[in-house]
Participant: 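Take a look at the following structure, please.
Here, residue 1 is the first one in the sequence, and each next residue gets the next number. Source: prediction; values computed, not measured.
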Amino acid sequence: MYARRRHWYFAMMGTCIALFVLAWGVVRLWSIPAAVGMCVVAMVIPPCAAIVANRRGPDDRWWDEK
């Protein structure tokens with residue numbers, strides 16, 4: 001399960017970086033409000049990615065480790 005969470009985390013963070021780069025590298029040339037909106041969406045992604053990466057799966061047994 002850890003690999004699946006890790007893949008989701010990197011996909012979400014990659015999307016975040018892509019949104020920032022596209023917003024200020026390309027989209028701002030046509031529409032500043034759209035670029036700002038893309039950055040607002042990108043700003044919400046990292047906390048969600050951290051939640052996804054750190055949640056406990058049904059088969060995780062971290063409380064039994066010694």
Side-chain angles (χ1 to χ4, degrees):
M1 280 312 256
Y2 176 72
R4 181 179 299 168
R5 289 192 311 252
R6 190 175 64 201
H7 283 85
W8 271 105
Y9 176 79
F10 284 121
M12 292 175 79
M13 293 306 289
T15 303
C16 176
I17 291 171
L19 281 172
F20 272 120
V21 169
L22 287 173
W24 296 113
V26 179
V27 176
R28 72 170 170 89
L29 300 174
W30 290 281
S31 174
I32 298 278
V36 171
M38 288 172 69
C39 284
V40 168
V41 170
M43 184 177 64
V44 173
I45 293 174
C48 295
I51 291 169
V52 166
N54 290 315
R55 70 180 172 164
R56 184 178 59 87
D59 58 345
D60 290 343
R61 302 204 34 126
W62 55 270
W63 60 86
D64 288 340
E65 292 180 8
K66 294 180 181 180

Participant: Identify the heavy atoms of Pro46 and Met13 that sit nearest to each other, and give their distance.
Facilitator: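 Pro46 and Met13 have their closest heavy atoms at CA-SD, 3.9 Å.
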
Participant: Shortest non-hydrogen contact from Pro47 to Val44?
Facilitator: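 Scanning both residues completely, I find the closest heavy atoms to be CD-O, 3.2 Å.
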
Participant: Under 4.5 Å between side-chain heavy atoms, counting indirect links through other Ile/Leu/Val/Met/Phe/Trp/Tyr residues: same cluster for Phe10 and Val52 or not?
Facilitator: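 No, no single cluster joins them.
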
Participant: Do Ile17 and Val40 share a hydrophobic cluster, counting only Ile, Leu, Val, Met, Phe, Trp and Tyr and linking them when any side-chain heavy atoms are less than 4.5 Å apart?
Facilitator: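 Ile17 does not cluster with Val40.
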
Participant: Please give me the minimum heavy-atom distance between Ala34 and Ser31, naming the atom from each residue.
Facilitator: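 Here Ala34 and Ser31 meet closest at N-OG, 3.2 Å.
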
Participant: How far apart are the closest heavy atoms of Met12 and Ala49, and which atoms are they?
Facilitator: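 That would be CE-N, 3.7 Å.
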
Participant: If you count heavy atoms of other groups shown closer than 6.0 angstrom to CZ of Phe20, is the number above 12?
Facilitator: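 Correct, the count exceeds 12.
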
Participant: Would you name the heavy atoms of Met38 and Leu22 that are closest together and state the gap between them?
Facilitator: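 For Met38 versus Leu22, the nearest heavy atoms are CE-CB, 4.0 Å.
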
Participant: Could you see if Trp30 belongs to whatever hydrophobic cluster contains Val21? Use Ile, Leu, Val, Met, Phe, Trp, Tyr and a side-chain cutoff under 4.5 Å.
Facilitator: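 Different hydrophobic clusters.
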
Participant: Please answer: with hydrophobic residues joined when any side-chain heavy atoms are less than 4.5 Å apart, are Met43 and Tyr9 in the same cluster?
Facilitator: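 No, because Met43 and Tyr9 fall into different hydrophobic clusters, even though each may have its own neighbours under 4.5 Å.
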
Participant: Which heavy atom of Ala35 sits nearest to which heavy atom of Val27, and what is that distance?
Facilitator: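 Here Ala35 and Val27 meet closest at N-CG1, 3.9 Å.
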
Participant: Are Val36 and Trp24 packed together at the side-chain level, in the sense that at least one heavy-atom pair is separated by less than 4.5 angstrom?
Facilitator: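 The answer is yes, as the side chains (C-beta and beyond) meet within the 4.5 Å cut-off.
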
